[in-house]
A.B. asks: 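This is the structure, below, for whatever I ask next.
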2 protein chains.
Amino acid sequence: MNETAALILLIEDDEQTRRFLKGSLSHKGWRIIEADNGKAGLAMIKNHNPDLVILDLGLPDMDGISVTKRLRQLSEIPVLILSARSQEQNKIMALDAGADDYLTKPFGSGELHARLQALLRRTRRTMPVSEVFVTGLLKVDLAQRKVFIADNEVRITPIEFRLLSILIRQAGLVVTHRQMLKEVWGAEHINDQHYLRIYMGQLRHKLEINPARPRYLMTDVGVGYRLAIDDVVTELAQ
Amino acid sequence: MNETAALILLIEDDEQTRRFLKGSLSHKGWRIIEADNGKAGLAMIKNHNPDLVILDLGLPDMDGISVTKRLRQLSEIPVLILSARSQEQNKIMALDAGADDYLTKPFGSGELHARLQALLRRTRRTMPVSEVFVTGLLKVDLAQRKVFIADNEVRITPIEFRLLSILIRQAGLVVTHRQMLKEVWGAEHINDQHYLRIYMGQLRHKLEINPARPRYLMTDVGVGYRLAIDDVVTELAQ
DNA sequence: TGCGGGCTTTACACTTTTTTTACACCCCGC
DNA sequence: GCGGGGTGTAAAAAAAGTGTAAAGCCCGCA
């Protein structure tokens, strides 16, 4: 099982807790990135595309429920909430806001670890097996956020990379405008299709030999975009 | 939002707890089926294909961990464990065995409800199934909006696809002009039958070997159109 | 404070799809 | 054979959707 370590975003303001969690988690083989407030956390989701978020409810700048809701507009990434509050009402509010699990302090690192694994197990299934995606001349290292065309590295901006990742995750299948817009810009920009035109244009300019006749980044008029694959057989029904 | 109530399988031996849960859950609009031991529970998973399982760890015939493991071999259905044991080690074992969540008695029905919703929310999203319709040389992937004739993909416009979908939904049966017009163009265009002639013509041109003598897209004069079938195969891909 | 990269906005040309328009057909009763 | 309802085809005009270039904005950073 050659699986790259999952990338976990830890949003927690308390330095000490953060240090403890970082040690306990990276020790188990996960990669950790950190934010000490809600705004920075949301920004890191956009820029680093983590596999899971651990969110402390008691942040200095925003309350945890708002962070959760905002986050859900951006992404379907699994969220585990940490909190000192054990009242049922708090748990219900957090879970209803879109969280996947809720763990009350104090907790054992063993339980945290098991719950994280349960969440990742459920969401990872839909993710690519390999962290390096290759088709034709295009190569994308999802873990290192690097893109190559004919073995030359291409500079890619955060938004371009997120769009490309979404297309790769469903390689060969159409991804609707709605889905791409919702996942990258949030639910409130679901009608701003010009964003997609701009960014798909930029990606084509960087990745296609002839941007006017794309080989990889295909358009499905009126529906969405699709990453074409030649060396993988996607037979429909057998 | 066309959502059918989720079907929940409750595996719990204690009559009283079962009654309590059944009341609290069906009250919230879920459909419940029950089993009072592990063997019966596993059988019901096979037979009823529920959306979620609530499993009590303390069953008379098998221990909960074994039930969970066995269940995971059968299905990827989400599992929430109920248990009187709150020791961390029990939780870890259950989660590692494949459970998705672990709730310790006593618990509030509000929290249970919120956790169930969180689980269903996640699994509904991540288990896409694409339906594929096949008859003769014609193959239509309804989820991917792709159409093939003799294994060659055919470019299909949005309106063409909608008409084709309607015909497939009632494959073998006549679909009236009224119904097609109403569903695609809205009730106010119910007399614009020339639209249908144009689009059925386009579809025949793309799908039929000899558009003048259609094999799939049949006309029922004065009534409507019909998708001819010899053998319907609607299966799930992947 | 100015620089630069990336994001957003604007404008316009281009392509595909939908709608409109026009006409030929074919089977039937008269 | 003649005419009319219902139908099929082929083009156009109109509308919608898409691609590209460029300018302005914002924010982190020196």
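So that the names make sense, note that chain A is the first sequence line, chain B the second, and so on, each numbered from 1.
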A.B. asks: Quick one: closest heavy-atom pair of B:Val175 and B:Met180, and the distance?
C.D. replies: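 Shortest heavy-atom separation between B:Val175 and B:Met180 comes out as CG1-CG, 3.5 Å.
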A.B. asks: Measure the distance from CZ on B:Arg178 to P on D:dG6 and round it to the nearest whole Å.
C.D. replies: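 Roughly 14 Å, once rounded to whole Å.
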A.B. asks: Describe, in one word, how the ring planes of A:Phe20 and A:Phe107 are oriented to each other, choosing from parallel (under 30°), tilted (30 to 60°) and perpendicular (over 60°).
C.D. replies: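 Taking A:Phe107 first and then A:Phe20, their aromatic rings sit tilted (interplane angle of 30° to 60°).
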A.B. asks: Could you tell me the separation between the CG atom of A:Asn191 and the P atom of D:dG17, rounded to a whole number of Å?
C.D. replies: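 To the nearest whole Å, that distance equals 11 Å.
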A.B. asks: Nearest whole Å is fine: how far is D:dG8 P from B:Arg213 CZ?
C.D. replies: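 Between P of D:dG8 and CZ of B:Arg213: 13 Å.
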A.B. asks: Side chains of A:Leu207 and A:Leu164, heavy atoms from C-beta outward: is any pair under 4.5 Å?
C.D. replies: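 Yes, their side chains come closer than 4.5 Å.
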A.B. asks: Taking for each residue the nucleotide of DNA chain D with the nearest heavy atom, is it B:His205 or B:Gln193 whose nucleotide lies nearer the 5' end?
C.D. replies: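 Between the two, 5'-proximity favours B:Gln193.
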A.B. asks: Taking atom NZ of A:Lys105 as the centre, report whether more than 12 heavy atoms of other residues, nucleotides or ligands fall under 6.0 Å from it.
C.D. replies: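 Yes.
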A.B. asks: With a 4.0 Å heavy-atom cut-off, tell me which residues in residues 194-201 of chain B come close to DNA chain C, sorted by residue number.
C.D. replies: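 Per residue number, the list reads B:Tyr195, B:Ile198, B:Tyr199.
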A.B. asks: Consider only side-chain N and O atoms of A:Thr219 and A:Arg197, and report whether a donor and an acceptor are under 3.5 Å apart.
C.D. replies: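 No, A:Arg197 and A:Thr219 have no side-chain donor paired with an acceptor closer than 3.5 Å.
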A.B. asks: Go through D:dG17, D:dT9, D:dG8 for me and flag the one nearest to the A:Val221 side chain.
C.D. replies: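 That would be D:dG17.
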A.B. asks: Kindly say if A:Thr219 contacts the phosphate of D:dG17, meaning a side-chain N or O under 4.0 Å from OP1 or OP2.
C.D. replies: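 Answer no for this pair, as no side-chain N or O of A:Thr219 is under 4.0 Å from OP1 or OP2.
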A.B. asks: May I have the distance from A:Gln202 (atom CD) to C:dC7 (atom P), rounded to whole angstrom?
C.D. replies: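 The answer, rounded to whole Å, is 8 Å.
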A.B. asks: Give a yes or no answer on whether the side chain of A:Arg162 reaches the backbone of A:Thr157 with a donor-acceptor pair at less than 3.5 Å.
C.D. replies: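 A pair under 3.5 Å: no.
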A.B. asks: Any pair with a residue in residues 137-151 of chain A that passes side-chain hydrogen bond (donor to acceptor under 3.5 Å, both in side chains), sequence neighbours left out, goes on the list, sorted by first then second residue, please.
C.D. replies: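 Listed by first then second residue: nothing to list.
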A.B. asks: How about A:Tyr102 and A:Ser83: does a side-chain donor come under 3.5 Å of a side-chain acceptor?
C.D. replies: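 Note: A:Tyr102 and A:Ser83 side chains meet the donor-acceptor criterion.
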A.B. asks: Rounded to the nearest 0.5 Å, what separates atom CD in A:Gln117 from atom CH2 in A:Trp30?
C.D. replies: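 Rounded to the nearest 0.5 Å, the CD-CH2 separation comes out at 5.0 Å.
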A.B. asks: Give the rounded distance in Å between these two atoms: CG of B:Leu181 and P of D:dT7.
C.D. replies: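 B:Leu181 atom CG is separated from D:dT7 atom P by 11 Å.
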A.B. asks: Starting at CG of A:Asp192 and ending at P of C:dC7, how long is that distance when rounded to a whole Å?
C.D. replies: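 A:Asp192 atom CG is separated from C:dC7 atom P by 16 Å.
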A.B. asks: Measure from CG on B:Leu203 to P on C:dT18 and round the result to the nearest Å.
C.D. replies: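 Going from CG in B:Leu203 over to P in C:dT18 covers 10 Å.
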A.B. asks: Between residues 154-164 of chain A and DNA chain C, which residues have a heavy-atom gap below 4.0 Å?
C.D. replies: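 A:Arg155, A:Thr157, A:Pro158, A:Ile159 - these, ordered by number, are the residues of the stretch whose heavy atoms sit under 4.0 Å from the strand.
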A.B. asks: Could you state the atom-to-atom distance from CH2 of B:Trp185 to P of C:dT17 in whole Å?
C.D. replies: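 Whole-Å distance recorded here is 15 Å.
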A.B. asks: Counting any heavy atom closer than 4.0 Å, what does A:His177 reach on the DNA or RNA strands: base, sugar-phosphate only, or nothing?
C.D. replies: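 Here A:His177 touches the backbone only, sparing every base.
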